[in-house]
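Here the structure is laid out as structure tokens; the discussion comes afterwards.
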Amino acid sequence: MSHPSTEARSPLNAPATGDGAIFVTTFINSLGTGVVTNGIFFLTSGAYGFSRTQNYLLGIVLGLTYIAGALATGPCVARLRRRGVSSRTLLVGVCIALAALCVIPWAARQGGIEGSWPIWTLVVLYSPLTGVLWPIVEGYLSGGKSGERLRAVMGRWNVVWSGAVVLSYWFMSPLIEGHAAETIVALGLLHLASAWVIAATFAREPGEHPLEAHEPHPPVYGHLLITLRIMLPVAYVVSSTLGPYLPDALTGLGVTAWAQTLVASLWLAPRVITFLVMERWHGWHGRWWVVVVATGLLVGGFSLAVLAPLGGRLGLSNGACLAVLMAGLVCFGTGMASIYTGALYYAMEVGDAEIDSGGHHEALIGLGYAVGPLCGILPSLAAERGMMPHDAFQPVVLGAVFLILLAATSTVLRRIHAMARSAATP
């Protein structure tokens, strides 16, 4: 969660932005950013004939530019603030720019413009702008709040944005597949609506969050933050790998095309539920066992999902294999939500006025989005150039992700063991 520097904050007596306005803005923009991020690959494959390797390259660029935008947010806000430009004005400008960018692919196609430059322009500009958007929104969410109120509003915010992603996936993904450019234009209108909400309801700056109001936290919170920040990008590496894998796996299990979107999005619903549970129940605060369980669910869920289609070789029916795959997605979604919630919560508790915690949090997510496609682009190039059989592509990609998972898990377990030994030492 972002804690902007003191000079970028509003005075103590300035009116605070209502939680409802922040939730509405979050919901609207989550619909847009979620669908554009996912829908762009339908557009590149269908309308522009991108190869698998080109799509992986596009995914890498998307992740890297998101990181750049997230890390630049804190310095950008401080610089503009010194020049009299408020965070609210910057947010409005970002949303208007996102809306304008959504028109590019459709306008280029209507104008008969050839080449893939409209797609690259959209991704290279849209992705870093979303990297700027979310840390500032998180700053408004956390501004002026501390303690129990801050924890509660963070939990509800997680439910809002994740619920919006579920809705966008269920209701808009079918439209994206056949009408990607038109759907992205429509989502640009949502960004415009968000700009209006921000201009009408947001304060000039996030609320004041003086250091003396920041509740002291146990030392273990810092150790938990570091550990969960190891797992956060790994979780997004897994999710960005599962996306391209599931359609082929579900087709092999006999799942019809219309049902594949629902099955593939099954991990999103448990994520919302886990966010809600962790917002209501606070017994997980400061507990190492939560990290262990979340990591186990992440690793176990991914393993079940990718190995389930092989169950037929053991005599399992397609229905049984599908049930195992769906159970894996539920486990994965629960583990990912637990890691995300813990990482964000401890960032808020440990972060101070000198640390742009929201930007760092979002940059780690961008790292996961970039590394996931990076695991795929090298095997894809090798397969295209005849250096590797095409049917070996998927096992190589999944194997690389398994290695990343194992490395991260072993690091986490070593940290937990070291902390346990340290606590046991008199």
Those residues at least two apart in sequence (or on a different chain) that pass side chain to side chain donor-acceptor pair (under 3.5 Å) with S380 are R52, T53
Residues A99 and L192: closest non-hydrogen pair is CB-CG, 3.6 Å
- Task: Run the numbers on I226 and Y346 for side chain to side chain contact (heavy atoms under 4.5 Å, CB included), then give the verdict.
- Result: CA-CA 9 Å; I226 294 173; Y346 295 122; over 6 Å; no
**Item:** Side-chain donor/acceptor of S51 to backbone N/O of Q54, under 3.5 Å
**Value:** yes
Rounded to the nearest 0.5 angstrom, the CG-CG distance for L31 and L167 is 7.0 Å
Walk me through whether W289 and I416 qualify under side chain to side chain contact (heavy atoms under 4.5 Å, CB included). CA-CA 9 Å; W289 67 262; I416 293 174; over 6 Å; no
- Task: Would you mind reporting whether P373 and L57 have side-chain heavy atoms less than 4.5 Å apart?
- Result: no
Next item on the list: For the residue pair H223 and R415, establish whether any side-chain heavy-atom pair is separated by less than 4.5 Å.
Entry: yes
Heavy atoms of G368 and S240 approach each other most closely as O-OG, 3.7 Å
Any side-chain heavy-atom pair of C95 and N29 under 4.5 Å
yes
T26 vs W134, test: side chain to side chain contact (heavy atoms under 4.5 Å, CB included). Steps then yes/no. CA-CA 9 Å; T26 297; W134 293 120; 4.0 Å; yes
CG of L403 to CG of L398, rounded to nearest 0.5 Å, is 11.0 Å
Contacts of W267 meeting ring-ring contact (aromatic ring centres under 6.0 Å, His included) (sequence neighbours excluded), chain-then-number -> F332
May I ask you to decide if V292's main-chain N or O and T295's side chain share a donor-acceptor pair within less than 3.5 Å?
no
Taken to the nearest 0.5 Å, the spacing of L101 CG from I184 CD1 works out to 11.0 Å
Report the C-alpha distance between R149 and M154 in whole Å, list the side-chain angles of each, state the deciding distance to 0.1 Å, and finish with yes or no for side chain to side chain contact (heavy atoms under 4.5 Å, CB included). CA-CA 8 Å; R149 185 187 174 201; M154 181 208 74; over 6 Å; no
Worksheet item: Is there a side-chain contact between V272 and L268 (heavy atoms, below 4.5 Å)?
Response: no
So CG of N158 and OG1 of T341: to nearest 0.5 Å the spacing works out to 5.0 Å
Residue set satisfying side chain to side chain contact (heavy atoms under 4.5 Å, CB included) with L62, at least two apart, ordered chain then number -> T37, V123, S127
Scanning both residues in full, the closest heavy-atom pair of Y140 with A203 reads OH-O, 2.8 Å
Taken in chain and number order and not counting sequence neighbours, the residues that satisfy ring-ring contact (aromatic ring centres under 6.0 Å, His included) with Y340 are W161, F275, H361
Contacts of R287 meeting salt bridge (charged side-chain N to carboxylate O under 4.0 Å, His left out) (sequence neighbours excluded), chain-then-number -> none
Side chain to side chain donor-acceptor pair (under 3.5 Å) filter on S30, not counting sequence neighbours, yields none
* Asked: Checking E362 side chain against G131 main chain: does a donor-acceptor pair fall under 3.5 Å?
  -> no
Does S265 use its side chain to pair, donor to acceptor, with the backbone of L262 at less than 3.5 Å? yes
Under 3.5 Å, is there a donor-acceptor pair between the side chain of W284 and the main chain of M278? yes
Ignoring hydrogens and geometry, is there a side-chain-to-backbone donor-acceptor pair from Y66 to V61 under 3.5 Å? no
Counting C-beta onward and ignoring hydrogens, is there a side-chain heavy-atom pair between M336 and S239 closer than 4.5 Å? yes
With sequence neighbours left out, the residues meeting side chain to side chain donor-acceptor pair (under 3.5 Å) with T409 are none
Taken in chain and number order and not counting sequence neighbours, the residues that satisfy side chain to side chain contact (heavy atoms under 4.5 Å, CB included) with L98 are V94, Y126, L129, T130, L133, H191
Please answer whether the main-chain N or O of G333 pairs with a side-chain N or O of R271 as donor and acceptor at a distance below 3.5 Å.
no
Here the gap from W120 atom CH2 to L125 atom CG, rounded to the nearest 0.5 Å, amounts to 13.0 Å
Sorted by chain and residue number, the side chain to side chain donor-acceptor pair (under 3.5 Å) partners of S86 (sequence neighbours excluded) come out as T89
Sorted by chain and number, sequence neighbours left out, side chain to side chain contact (heavy atoms under 4.5 Å, CB included) with V24 holds for I28, V197
Q: Would you indicate whether the side-chain heavy atoms of V237 and L374 approach each other to under 4.5 Å?
A: no
For S303 and V299, indicate whether the former's side chain and the latter's backbone hold a donor-acceptor pair under 3.5 Å. yes
All heavy atoms of L228 vs all of G342, minimum pair found to be CD1-C, 3.4 Å
Is there a side-chain contact between Y345 and L225 (heavy atoms, below 4.5 Å)?
no
Sorted by chain and number, sequence neighbours left out, side chain to side chain contact (heavy atoms under 4.5 Å, CB included) with A269 holds for none
d(S168 OG, F27 CZ) to nearest 0.5 Å is 8.5 Å
- Heavy atoms, side chains only, cut-off 4.5 Å: are L246 and L329 in contact? yes
Smallest heavy-atom separation, G139 atom then P206 atom, equals O-CB, 3.4 Å
So ring pair (Phe, Tyr, Trp, His ring centres under 6.0 Å) across residues 227-253, not counting sequence neighbours, yields Y236-Y369
Between H360 and R229, the two heavy atoms sitting closest are CB-NH2, 3.9 Å
Does the separation of the ring centres of Y221 and H285 fall below 6.0 angstrom?
no
